[in-house]
Amino acid sequence: MPQQFWKPGTEKPRILEDEEGGVRLPVYKYRTAILYLVETHATTIIVGETGSGKTTQIPQAGWADGGRVIACTQPRRLAVQTVASRVAEEMDVKLGEEVGYTIRFEDVTNPAATMIKFLTDGVLLREIMDDPLLTKYSVIMVDEAHERSISTDILLGLLKKIQRRRPELRLIISSATIEAKSMSDFFQTSKKHRGPEDHGFAPRKVPAILSVEGRGFNVQIHYVVEPVSDYVRATVSTVLSIHEQEPAGDILVFLTGQDDIDAAIQLLTEEAHASRKISSGLIVLPLYSSLPRAEQDLVFSPTPRGKRKVVISTNIAETSLTLEGVVYVVDSGFSKQQFYNPISDIENLVVAPISKASARQRAGRAGRVRPGKCYRLYTEEYFVNEMSSVGIPEMQRSKLVSCVIQLKALGIDNILGFDWPASPPPEAMIRALEVLYSLGVLDDDAKLTSPVGFQAAEIPLDPMISKMILSSNQLGCSEEIITIAAILSIQSIWVSGKGVQKELDEAKLRFAAAEGDHVTFLNVYKGFLQSGKSSQWCHKNYMNYQAMKKVIEIREQLRRTALRLGIVLKSCEGDMLAVRKAVTAGFFANASRLEAFSHNGMYKTVRGSQEVYIHPSSVLFRVNPKWVIYHSLVSTDRQYMRNVMTIDPSWLTEAAPHFFQNLRRPDPIAL
DNA sequence: GAGCACTGC
């Protein structure tokens, strides 16, 4: 590997300790600065990035430090791959040797040679389970820490803990500049001493804060003068005025979801038709994740000369996909966000205002190729005074069942006392502990049970699905159950339904099983295999080929995990009773019963007597069997059960006697 | 007779 690193003594960059307005380093000095810090005193470095633009130089600097491996995490698979290959290229080495990466399903490393390893934060968490002190790494860098995903937050909490046991471990936390100060506070404060009584507490090591300019071009921000009442209409008129008044360059619009996007496209098309001058120049394209792959790819095709591309997108273009050629951004100021109410145990997807950090990220999308402009559909006064600086961490608005089992597996016994970057609501924690207790994954002392608890934690899925897989072993239907598990863990195996609703319903009928959606999935999977995993077959049956390929991949991973756990891979050869009992063993808590004399298909959940209905996408819609269990609830004007299966109520008490005996007054659970 | 922000293991 070429030694192209900083030589000590050549340049000494300034370390910033003030929050705003301090000296900022241009991106090409990253490496110099980090090396300097590593050489001097700091064991933790917070890198605040202003503007957009990624650096690849930090890990190279880290490598020069010790000789042991440096790990660099990213929250997304694509980012891991891109950064890894860019670094390999810059260092002039082969990807997979000195520089490598690991993401789910893909390990491009050579343990004997790899010195810089890129991975998703989820993969690093799995590694901590086998190596709690991460002894093979001397430097760990966490990128995009300001996004505050559950994995990143768990990782930050664990790294802080690991650093107390391994004082020589160096951490580099890369975050948006607005978050740098609070990250630094988190790493220097001991939880026991936090709060009003901590006078006189002196941190042992103060993280160094470093502020760095990104690579992006300058983006000029425009605000509306008066608040807008209808952001879809405001979007359309803004796009039209950019098109009329501004020089060439593509436009990227951020709206909240498919409905908004379709409405905006329709309006824009109508307006464009009214004026031939406009319609000849605009190419309007939607972008969201459930859009079929071929249509998604259209946004990446180069814009023909004399035309202007307008991409109307969800948040997917904020971080996950990067469009080249965008010069103008229109920001509605809203996005859809998940919120979880631990009291009612209901998750809700709602349109909510974005944070300043998101607004800056969106604006940065306009400055990738040359200086750009961002049009914010809210007032400057609102941005300055009312917009919150960062979003609510995912941890505080999600179900925590998977998170809790993972912490238990990592040996964190006192979950409520864990040192989080942001504490989750205690009610959500207690809910999660209850669920895990009822599954038999945790015992009376809230410790993982053996073997079920430890095995469930090994399976990289929701614990209810893991339990279903474990139960399939005794019932002799593991092959069928891991197929169901793989399909339940992706969004949908059908093509998106708009416009082809009737055809889609007919296609579904060809596979429909009286037992419900889970057994229907088995029929679909069988058909797919018999077709030779054919994409034409998928197309003909209104199934999403990409999704089915993913199912195959997940299924393979689950098979390997199952074998490692000693589960016998066995087919029940059509005995659907066994399959349904295994599903019940994981999902007994989601049982509901048709209301007597109900004319509209109203069910009540066994657990909370909530009013619920079978979702119209289910094969059991309008069939309304007396007893069902469901995979999840979606809440709109009503609560709908998605992925529904018929059961015999006697299986419930069989699967979880304790849970149903104590339904009205659950035993308090030891924390 | 409905509705799907986005990741990840």
Side-chain angles (χ1 to χ4, degrees), chain A residues 73-80 102-107 119-129 144 147-155 254-262 287-291 313-321 332 334-339 347-352 354 358 361 391 394 397-398 402-403 405-406 409 457-463 465-466 485-486 489-499 501-502 504-505 544 547 550 553-554 557-558 560-561 600-601 613-618 620-623 632 634-642:
Chain A
T73 76
Q74 288 281 346
R76 279 168 290 274
R77 293 160 52 88
L78 184 66
V80 168
T102 307
I103 54 181
R104 188 187 191 184
F105 309 131
E106 230 184 309
D107 183 8
L119 23 60
T120 46
D121 42 18
V123 170
L124 190 61
L125 280 179
R126 291 273 153 193
E127 287 191 5
I128 299 182
M129 287 187 189
E144 310 285 8
E147 286 186 19
R148 308 305 300 276
S149 70
I150 290 181
S151 300
T152 303
D153 272 10
I154 298 178
L155 192 57
F254 286 102
L255 289 178
T256 64
Q258 194 179 339
D259 280 351
D260 279 0
I261 292 171
D262 290 345
L287 179 62
Y288 42 86
S289 79
S290 63
L291 202 65
S313 171
T314 60
N315 257 1
I316 194 170
E318 194 176 306
T319 50
S320 305
L321 292 179
S332 66
F334 290 94
S335 71
K336 281 196 183 169
Q337 292 161 38
Q338 173 123 284
F339 287 91
E347 294 173 292
N348 245 328
L349 199 58
V350 294
V351 172
I354 61 168
S358 281
Q361 177 75 24
E394 192 186 4
R397 44 185 182 82
S398 309
S402 298
C403 167
I405 194 176
Q406 217 167 3
E458 277 271 308
I459 303 173
L461 295 173
D462 181 292
I465 297 185
S466 306
S489 54
I490 61 162
Q491 281 188 352
S492 173
I493 53 170
W494 308 102
V495 294
S496 136
K498 269 190 181 156
Q501 200 51 65
K502 198 161 149 277
L504 175 58
D505 282 352
N544 185 334
K550 211 167 162 187
E553 218 171 14
I554 295 173
Q557 189 193 27
L558 292 178
R560 286 194 300 273
T561 311
N600 60 350
Y613 298 83
I614 293 181
H615 196 277
S617 66
S618 169
L620 294 181
F621 179 65
R622 282 201 285 234
V623 177
S632 61
V634 302
S635 78
T636 48
D637 53 328
R638 286 174 169 182
Q639 302 284 338
Y640 285 103
M641 303 180 275
R642 289 184 70 182

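Proteins get letters first, then strands, A, B, ... in listed order; numbering begins at 1 in each.
Here the C1' atom of nucleotide B:dC9 and the CD atom of A:Q74 are 17 Å apart, to the nearest Å. In this structure, the CG atom of A:L504 is 12 Å from the C1' atom of B:dG3, given to the nearest Å. The interatomic distance linking A:R638 (CZ) with B:dG3 (P) rounds to 10 Å, in whole Å. Per the geometry, CG belonging to A:L287 stands 12 Å off C1' belonging to B:dA5, to the nearest Å. Regarding A:I465, its CD1 atom lies at a distance of 14 Å from the C1' atom of B:dG8, rounded to whole Å. Remark: P of B:dG8 and CD of A:E144 are 13 Å apart, rounded to the nearest angstrom. When the P atom of B:dC9 is taken as reference, atom NZ of A:K550 falls 9 Å away, rounded to whole Å. Across the protein-nucleic acid pair, A:D637 atom CG and B:dG3 atom P stand 5 Å apart, rounded to whole Å.
For A:T120, taking side-chain heavy atoms from C-beta onward, the closest of the listed nucleotides B:dC4, B:dC9, B:dC6 is B:dC9. Each of B:dC9, B:dC6, B:dG3 was ranked by its minimum atom distance to the side chain of A:I316; first place goes to B:dC6. Among the nucleotides B:dC9, B:dT7, B:dG3, the one closest to the side chain of A:S320 is B:dT7. Distance from the side chain of A:R76 is smallest to B:dG8 among B:dC6, B:dA5, B:dG8. Minimum atom distance to the side chain of A:F621 is reached by B:dG1, of the listed B:dG1, B:dA2, B:dG8. Nearest nucleotide to the A:Q258 side chain, out of B:dC9, B:dA5, B:dG8: B:dA5. Taking every side-chain heavy atom of A:L349 into account, B:dC4 is the closest of B:dC6, B:dC4, B:dT7. The nucleotide whose nearest atom lies closest to any side-chain atom of A:Q491 is, among B:dA5, B:dC9, B:dC6, B:dC6.
Distance CG/A:D505 to CH2/A:W494: 9.5 Å, rounded to 0.5 Å.
Glycosidic torsion of B:dC6 falls outside 90° of 0, placing the base in anti.
Residue contacts shown for A:S335 are absent, as no nucleic acid heavy atom lies under 4.0 Å away. Contact annotation for A:Q338: base contact, defined as any heavy-atom pair under 4.0 Å involving a base atom. A:F105 comes within 4.0 angstrom of no nucleic acid atom, judged by non-hydrogen atoms across all strands. Contact annotation for A:I554: no contact, since no heavy-atom pair falls under 4.0 Å across all strands. Contacts of A:T636 with the nucleic acid, taken as non-hydrogen atoms under 4.0 Å apart, involve only primed sugar atoms and P, OP1 or OP2.
For CD of A:Q491, the number of neighbouring non-hydrogen atoms (other residues, nucleotides, ligands) closer than 6.0 Å is 12 at most.
Partners of A:Y640 under the ring-ring contact (aromatic ring centres under 6.0 Å, His included) rule, at least two apart in sequence or in another chain, are A:H615.
Put simply, A:R77 has a side-chain N or O that comes within less than 4.0 Å of OP1 or OP2 on B:dC9. Not one side-chain nitrogen or oxygen of A:S492 sits closer than 4.0 Å to the OP1 or OP2 atom of B:dC4. Considering only side-chain N and O atoms, A:S151 lies nowhere under 4.0 angstrom from the phosphate OP1 or OP2 of B:dG8.
Panel note: side chain A:S618, backbone A:R642; no donor-acceptor pair is recorded below 3.5 Å. Of the possible polar contacts, none joining the A:E144 side chain to the A:Q74 backbone as a donor-acceptor pair under 3.5 Å is found. Panel note: side chain A:S320, backbone A:A317; no donor-acceptor pair is recorded below 3.5 Å.
Comparing A:S489 and A:G257, the nucleotide of DNA chain B nearest to each residue sits closer to the 5' end for A:G257.
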